[in-house]
Amino acid sequence: MSENPYRPHLMRIVDAIEETGDVRTLRLKFLEPEIASQLHWQAGQFGQFSIFGSGESVFTIANAPSRGGYIECTFRQMGKVTSGLRNLSVGQVVGFRGPYGNHFPIEEWRGRDLLFVGGGIGMAALHAPLQFALDHRDEFGEIVVLNGARAVADMVYKEEMKEWERATGVRVVRTVDPGGETPDWNGEVGLIPDVFERLRPEPDGRIVITCGPPVMLRFMLMALEKLSFKSEQVITTLENKMKCGIGQCGRCNVGRYLLCRQGPVFTWAQLKELPSDY
Amino acid sequence: MEREGWRLSDKEWREWVEALLRAGKLVIAPVKENDLLLFRHVLMADEISVSDQGKAQWSPKEFLFPRSEPLLIYRLRGAEVDLEEPKADEREQVLVGLRPCDAAGLSRLDDIFLLEEQDPSYAQRKKHTTIVSLACDRAEPECFCTAVGGSPAGTQGSDLLLLPLDDGWILRVLTPKGKELVAGWAARWRPALAEDWDRTEERRSAVENSIQLSPLSAQWGTALEKSFGHPLWESLGQRCLGCGICAYVCPSCSCFDINDEGNSFCGTRCRSWDSCAFARFTLHASGHNPRPTQPSRYRQRVLHKFAYFPDQHEGRFMCVGCGRCLRLCPVGIDIHHTVERAASAASPEEERP
Amino acid sequence: MDQLVEAREAPERTTEKGWEPRIVAMVCNWCTYAGADMAGTARRVYAPSVRIVRFLCTGRIDPLFIVKAFEQGADGVVVSGCHPGDCHYVQGNLLARRRFTVFQALMDFLGLDRRRLHFAWISASEGVKWSRIVDEATAAVREAGPLRHWGRPVKGNSSAQPLLPDTDAGIAPRDPPSAEENQLITGHLQELVTNLLSDGTVSTVIGYTAGSLPQQMVPLFVNEPRDASTLGWNEHCANNLVIYLPQVLKKNRDAKIGLVTKSCDARALIPLIREGQLRREQIVLLGIPCRGMWNQGKMAAKCYSCSEEVSPFTDWTITPEGTKKGSLTSAERRQVSPDPRDREIASLGSFLPEERWDYWQRQFDRCLRCYACRAVCPLCYCATCISDKNRPQWIPTTIDGKGNMAWNVVRAMHLAGRCIGCDECARVCPAGIRLDLLNRGLVQEIERRFDFCSHVNPESSPPLTTFQPDDPDEFI
Ligand SMILES: Cc1cc2nc3c(=O)[nH]c(=O)nc-3n(C[C@H](O)[C@H](O)[C@H](O)COP(=O)(O)OP(=O)(O)OC[C@H]3O[C@@H](n4cnc5c(N)ncnc54)[C@H](O)[C@@H]3O)c2cc1C
Ligand code: SF4
Ligand code: SF4
Ligand code: SF4
Ligand code: SF4
């Protein structure tokens, strides 16, 4: 009899970072260390995280494969499972199965300038490729990170951004939606697509990697169009409800593509061909 | 294909089923219960209802893909977690009296659960299951198996097939597994004669001809995909109520949900049937729903069956034409009609066979 | 499936003294809890098998909690709070009393062993009464034994169900209308709808058209006058089209909608207006005198006792003779026969509770949880149904005995005092579950107890949101 694909590996929470009031980053270590060395993933892939008694939830694996030995995820408390997860603390055990899905075509980005645009928790999906690029800093050109949030308090990776900025040739732009700023805010104020336009990035030799809520994505694509980016230069990762992660439960498809298999990473060029099922 | 089969009386095949029961096999067959024909575990062969009653209320898929089943059992001890896997079901089961469409439907489940990633509990059950189908003597008004590549005497998904004659049956062997199930009986049975086979052929074509609906073509998949944004879908799905009937009675629908049932000390992770017609099927925790309206959900059902699935499975539809969804839909939504309308709306010049 | 149930269930408690019943007591903080506390401090000994769950008020004790307790393995439940008139929140327990009345009636109808469910009023000073009630309840539950059949049939696997009398045996159905009559009505209807749409009286008409199967009529939305010609009418127009009103109104709050209705369907408007879901002015009721709906050669059970040819609210009446504004003037009610289901209900009532329980568990066991009953119900309009809520997961997601039991009990409770008896849920249930008997049982109970009928007066208060100080409570 074949292995039960639903049996998760058990992992212990070894570290927890409070990113915002409802976003947390967890670092998880496998209870069986051999698994850690057998598990290979690539930036952009995701896993099914189990909180026993609450259920399973899909999160992007937030750490780059270049930082192996553990798994990180950044999650926002939304519903049943994520609330269950938030109630756990360091030392407790959760489950992980994966990695699932396709990944960012990082190989194709070598020598290019990279522009990461993340809105809210969408930043979590960009974390792994960004970390990868930083770990292989000399293989890529300029790196710009545009991290947007509704309000200052909702900004994720606040501490890490300082670290990113210290690397050479990396620029970090922070922005909050109008009205979300605080008196001592020294970042940008404006919706992400607007701030993006203001940055006037040159399309030449640049890859834009973006993730955020569906509305943001829509306006981002309009802004990209305006700045004459080609659809092959833009890449995003989608989010659809999913349960099994292995192409059987039947709900995550966008048109004929199953997000858990042929996704979640798509180029803008591919998205144009797909029905709006996301 | 070589035809191998025996000419049996009603009594003879029931004796055989009786023997299967005595040998400790589970026998599942249509049984009349409160005016419904339902697949049930039977204790006696005589309970089985094979007379001219048409198909059972819903397909027997639950005996391979249960309505709900445990995937894991968890127990928490302080910070630690113990996982246990449910015991595999190892009893031999024989499904008797499936209409050919139902058997074909089960083979679609194989496509889902065995092809790419093996689902162990499904694989296990399937391994221990033998399927004895029952050819149709009459098509019901909702039947359209012939329009989707099936037949009232279709063999897909069956190990054995009972073919009705005026005065008895032919039991036809289709697979080695089927042959094994009749091992030891062949000696006392009369082989079917050429004229018996001819009779069944006549019957088959008579029933086939009584089904008037025109064939649907796997070539229309692209047209259907193109129809995605067509306003026609609004009217095709407008009256759909978003219940789960069509998915739950369908022999080929296989979508499921996974939830933890229990508390924070112990419980099970369960897989249960789910339906693409439910709003919460795709509802994100954020409140965003990629398929926000009933027509958009109904469109998913149709495109999944007639465009996406055939695309990945050599042109097989994920519909076997049993017509149950039409018969039991509270508002009479007709999937065959929908496919024709949508395909021709997207490409009116599409050639029709 | 059994594995699934077993893994979720706590094992039965057996000690050296043998099996110990598990009893959950749901009590109000102000009276019974204080009373129990007093019993404790006074060291009155009472059976230790009781787990107390404290609520601020009995008004907060939803019958669903009782269902949940049984589902999670309780063998018995005790519910107790302040005496009527003593509620800390003035009327919480009076409202609760009505809910408990209906719930107790439902449990009786289903055949739950009475020894498992106990209600009592116990004040803060009645520690003695508390220990007596607990002792009595424990003794009763002990006598009843472990509850093994919540969500499971009593009698093993056989498919035999006790037989109810044949629905329409001996009662003559009305004659169905002739094809000519239907044709005449159809013609007048099409003409009227064309006019109403052309002059802008309504923007949409919801009616019926021929479906794909013989004798099948299905809902049809007509927005353009020229499409009115597809409308049809005959004795197979089963659907209650009122269900579509919320959907149309959601798109356009001020839409005026024409609705083809039978008198039974139109009744649904009364509770909907009562519950603030729509305004009467928005609906133009196109009533057709109905002699009964037919399916597979049988007249629908609800039609035998139906006394109204058209609803009194009808705006346009369409008869074979023509179209007329307003309802039929002849207020005289037509000849009716007894509802054949009353014999079935009576017959169920004559069963032993255990047999009744077995009957219903077998019915619920078939439930596929397709939620079609909810989908076709004009009164199931909640934006998020309780079965779709997962924090907490009130209704188990599993399609098995317990989940099905919770779903069917909760839905019956939610419709108590609201159901108008259109029988749509029973008509569409693919599992043939006799939801009509269940709902009708509660309708009758509510009429008997609270003299309330859901479809009569939109101004009256729903029976479960109000109370009388002297409501009967003999079961408490
Ligand atoms: C490929 C992918 C990557 C993701 N990465 C992240 C991430 O890095 N960080 C993060 O915070 N969130 C991420 N999400 C979203 C996250 O999965 C949901 O927010 C989360 O599952 C909500 O679960 P819940 O139980 O709290 O909500 P509930 O509303 O209680 O949902 C119940 C169940 O529905 C499913 N579900 C609900 N919403 C979603 C959804 N949007 N996507 C997938 N399943 C859903 C889950 O199975 C969940 O268990 C990702 C989603 C996808 C598809
Ligand atoms: S098509 Fe019919 S059966 Fe299917 S969800 Fe819609 S109303 Fe229900
Ligand atoms: S889609 Fe309908 S007709 Fe096709 S197999 Fe399923 S239930 Fe039968
Ligand atoms: S659809 Fe075909 S195989 Fe199925 S019951 Fe009808 S005639 Fe038989
Ligand atoms: S319609 Fe019948 S089968 Fe479907 S959920 Fe309701 S009771 Fe269950």
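The structure displayed is predicted, hence computed values, not measured ones. By convention in this document, chain letters (A, B, ...) are assigned in the order of the sequence lines, proteins followed by strands, and residues within each chain are numbered from 1.
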Give the minimum heavy-atom separation between B:D260 and A:S54, together with the two atoms involved. OD2-N, 3.5 Å
For the side chain of A:K243 and the backbone of B:R271, is there at least one donor-acceptor N/O pair under 3.5 Å apart? no
Quick one: does B:F228's side chain get under 4.5 Å of A:S276's, heavy atoms only? yes
Does A:N4 use its side chain to pair, donor to acceptor, with the backbone of B:E85 at less than 3.5 Å? no
Considering only heavy atoms from C-beta outward, does the side chain of B:D119 approach that of A:Y6 to under 4.5 Å? yes
Does A:R251 pair with B:D274 as a salt bridge, N-O distance under 4.0 Å? yes
With a 4.5 Å heavy-atom cut-off, do A:C249 and B:S254 have their side chains touching? no
Expected output: side-chain B:Q118 to main-chain A:E3 donor-acceptor under 3.5 Å: no
Cut-off 4.5 Å, heavy atoms of chain A, and the answer for B:L83 is both
B:Y74 and A:F52 aromatic ring geometry - parallel, tilted or perpendicular at 30°/60° bounds: tilted
Separation between CD (B:E225) and CZ (A:R256), nearest 0.5 Å, reads 3.5 Å
Here the gap from A:N253 atom CG to B:H304 atom NE2, rounded to the nearest 0.5 Å, amounts to 6.5 Å
Is a side-chain donor or acceptor of A:R7 paired with a backbone partner of B:E84 at a separation under 3.5 angstrom? no
Decide, yes or no, whether a salt bridge links A:R261 with B:E117 under the criterion of side-chain N to carboxylate O below 4.0 Å. yes
Side-chain contact test, heavy atoms from C-beta onward, threshold under 4.5 Å: evaluate it for B:R269 versus A:P8 and give yes or no. yes
Honestly, the part of A:L88 sitting under 4.5 Å from a heavy atom of chain B is neither
Side chains of B:N259 and A:E56: donor-acceptor distance under 3.5 Å anywhere? no
Chain A heavy atoms under 4.5 Å from B:L76: which part of the residue, side chain, backbone, both or neither? side chain
So for A:S89, is it side chain, backbone, both, or neither that comes closer than 4.5 Å to the heavy atoms of chain B? neither
A:C252, part contacting chain B, at a heavy-atom distance under 4.5 Å: neither
Kindly say whether B:C255 contributes a backbone atom to a donor-acceptor pair with the side chain of A:Q248 at under 3.5 angstrom? no
